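Okay, so here's the structure we're looking at.
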2 protein chains.
Amino acid sequence: MILKVPQGKRLTKQRSIILEELKKNRIHPTALEVHKLVKKRLPKISLATIYRNLKFLQSNGYIMSINCESCNSERFDGFTDHHQHFSCKVCQKVYDMNKSKSDEVKVNKKEGHQVDDYQIIFNGICKICLKKEKQYI
Amino acid sequence: MILKVPQGKRLTKQRSIILEELKKNRIHPTALEVHKLVKKRLPKISLATIYRNLKFLQSNGYIMSINCESCNSERFDGFTDHHQHFSCKVCQKVYDMNKSKSDEVKVNKKEGHQVDDYQIIFNGICKICLKKEKQYI
DNA sequence: ATACTATTGATAATGATTATCAATAACATA
DNA sequence: TATGTTATTGATAATCATTATCAATAGTAT
């Protein structure tokens, strides 16, 4: 019996353009928002393709995803360098948080679990929403 | 004009029992799992009441919630002391992580956001699933 | 050119969560 | 204790994000 070598997954035009859009700015869009962005360049692209390919890009290490409480759905991030996120409970936006000196978390190994990675999400009110709120005081 | 004093929200029987179940053990169940647990004591309780009251308990500080990538839905935690979580990508369970010395994260204030709190989620494979995997090697 | 596999677009299906609403329970006041 | 008022509940419908299905198309290898 001949074992078929699993064919390497290609970076199709749809996949490249999704990736490009995510790498344009340090934004953290939902799948729906990615669809909106990508449709400007590929008007016929289906939302299913967006979901499928976001998953593909993620499991192949091209992008990462963020789940937080005040985001109502999953967010995607085209930058995979180690950094943290801030989630605004007013406008639901997710911002990058630049590394602060002491946010290197030491993993507690006593529990016996195999820890592959970790993420920190900061919650609060973003700069812009803070400013808006002040106008009403 | 007379301003009505907003009536304090009561801790009804349904709410107390949901809270009790969450405080029995350091578990992190989904809304559906909470429903299952509570139905043993209140067989007529509706799933809508579970969702409504989990939200109520959370926004009144009785419980907290956890959103992570490999959990497919929101988890609830009856313990609100500051602690972190580990999420197993194999069995989808969420475990408590006891505090390690250096997991006090200093918040970067340069961004200008108002940070109310933060959470750390560790991802990997839990002790139990690790053991199971070894059996097949 | 031909055969084969991966990918896509369109759309249906699923699953979690939220909204609606009539019935009930709790509370305050007479 | 009866009565009016508001909050809460249970049942169920509706919504929204995500996933599955499947025929058509594109890409690759021979």
Side-chain angles (χ1 to χ4, degrees), chain A residues 2-19 21 28-60 62-76 87 92 94, chain B residues 2-19 21 28-60 62-76 87 92 94:
Chain A
I2 295 162
L3 287 174
K4 297 234 170 139
V5 175
Q7 213 162 335
K9 309 286 181 114
R10 286 176 270 130
L11 210 55
T12 62
K13 185 190 278 183
Q14 287 87 341
R15 288 172 180 167
S16 320
I17 289 182
I18 290 171
L19 187 54
E21 288 301 319
H28 308 87
T30 62
L32 216 64
E33 290 165 344
V34 172
H35 190 212
K36 246 182 178 168
L37 290 170
V38 174
K39 265 204 295 195
K40 291 180 189 164
R41 299 172 61 186
L42 296 175
K44 313 227 75 176
I45 197 168
S46 158
L47 182 56
T49 302
I50 299 291
Y51 273 103
R52 244 186 326 239
N53 287 346
L54 284 170
K55 188 147 281 189
F56 168 88
L57 291 170
Q58 193 186 342
S59 60
N60 288 85
Y62 291 102
I63 65 171
M64 62 183 205
S65 86
I66 309 156
N67 292 71
C68 57
E69 203 180 309
S70 35
C71 327
N72 301 312
S73 42
E74 198 166 14
R75 306 310 185 100
F76 298 90
S87 153
Q92 264 76 46
V94 172
Chain B
I2 294 163
L3 288 175
K4 296 233 169 136
V5 174
Q7 211 159 336
K9 308 285 181 117
R10 284 176 270 130
L11 209 55
T12 62
K13 185 189 282 186
Q14 287 88 339
R15 288 172 180 167
S16 320
I17 289 182
I18 290 171
L19 187 54
E21 287 301 319
H28 308 87
T30 62
L32 215 65
E33 289 165 346
V34 173
H35 190 213
K36 244 179 178 171
L37 290 169
V38 173
K39 264 203 296 194
K40 290 180 189 163
R41 299 172 60 187
L42 296 175
K44 312 227 74 176
I45 197 168
S46 159
L47 181 55
T49 303
I50 299 290
Y51 273 104
R52 246 186 326 239
N53 286 346
L54 285 170
K55 187 147 283 186
F56 168 88
L57 291 170
Q58 193 186 344
S59 60
N60 287 85
Y62 291 103
I63 66 172
M64 63 183 203
S65 85
I66 309 155
N67 292 71
C68 58
E69 205 181 308
S70 35
C71 327
N72 300 313
S73 42
E74 198 167 13
R75 306 309 186 99
F76 298 90
S87 153
Q92 265 75 46
V94 172

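Naming convention: chains lettered A, B, ... in sequence-line order (proteins, then strands); numbering from 1 in each chain. Basis for what follows: all heavy atoms, side chains included, without hydrogens, waters or symmetry-related copies. None of these values were measured; they are calculated from a predicted model.
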Length of the line joining A:Asn53:CG and C:dA6:P, which is rounded to integer Å: 15 Å

Could you tell me how far apart B:Leu54 (CG) and D:dT8 (P) are, to the nearest whole angstrom? 15 Å

By salt bridge (charged side-chain N to carboxylate O under 4.0 Å, His left out), which residues pair with B:Glu74, not counting sequence neighbours? none

In degrees rounded to 10°, what angle is found between the helical axes fit to the five outermost pairs at each end of the helix from C:dA1-D:dT30 to C:dA30-D:dT1? 30°

Just to verify, what does A:Lys36 make a side chain to side chain contact (heavy atoms under 4.5 Å, CB included) with, not counting sequence neighbours? none

Could you give the NZ-to-C1' distance, from A:Lys9 to C:dT7, as a whole number of Å? 10 Å

Quick one: is C:dA26 close enough that its OP1 or OP2 comes under 4.0 Å of any side-chain N or O from B:Thr12? no

State whether the side chain of B:Arg75 and the backbone N or O of B:His28 hold a donor-acceptor pair below 3.5 Å, judged by distance alone. yes

Side chain to side chain, A:Ile17 and A:Lys13, heavy atoms closer than 4.5 Å: yes

Quick check on C:dG9: is either OP1 or OP2 less than 4.0 Å from any side-chain nitrogen or oxygen of A:Thr49? yes

Rounded interatomic separation in angstrom, taking CG from A:Leu11 and C1' from D:dT28: 16 Å

Report the residues that fulfil side chain to side chain contact (heavy atoms under 4.5 Å, CB included) with B:Asn72, sequence neighbours left out, ordered by chain and then residue number. B:Gln92

What is the distance from atom CD1 of B:Ile63 to atom NZ of B:Lys55, rounded to the nearest 0.5 Å? 11.0 Å

What's the spacing between A:Thr30 OG1 and A:Ile66 CD1 if we round to 0.5 Å? 11.5 Å

As an exercise, state the distance from CZ of B:Phe76 to CG of B:Leu54, rounded to the nearest 0.5 Å. 4.5 Å

Rounded off to whole Å, could you give me the CZ-to-P distance for the B:Arg15 and D:dT9 pair? 5 Å

Identify whether the distance between the nearest side-chain nitrogen and carboxylate oxygen of A:Glu21 and A:Lys40 falls below 4.0 Å. no

Near DNA chain C, under 4.0 Å by heavy atom, which residues of residues 34-46 of chain A? A:Lys44, A:Ile45, A:Ser46

Expressed as a whole number of angstroms, how long is the span from B:Gln92:CD to C:dA16:P? 12 Å

D:dA26 phosphate, OP1 or OP2: any side-chain N/O from A:Gln14 under 4.0 angstrom? no

With no hydrogens and no angle check, do the side chains of B:Ser87 and B:Ser70 hold a donor and an acceptor under 3.5 Å apart? yes

Under the 3.5 angstrom rule, does the side chain of A:Thr49 hit a backbone N or O of A:Ile45 as a donor-acceptor pair? no

What string of B, S and - do you get for nucleotides 15-25 of chain D, 5' to 3', when a contact is any protein heavy atom under 4.0 Å? --SBBBB----

Between P of D:dT8 and CZ of B:Arg10, the distance in whole Å: 5 Å

Starting at atom CG of A:Leu57, determine the distance to atom C1' of C:dT8, rounded to an integer number of angstrom. 15 Å

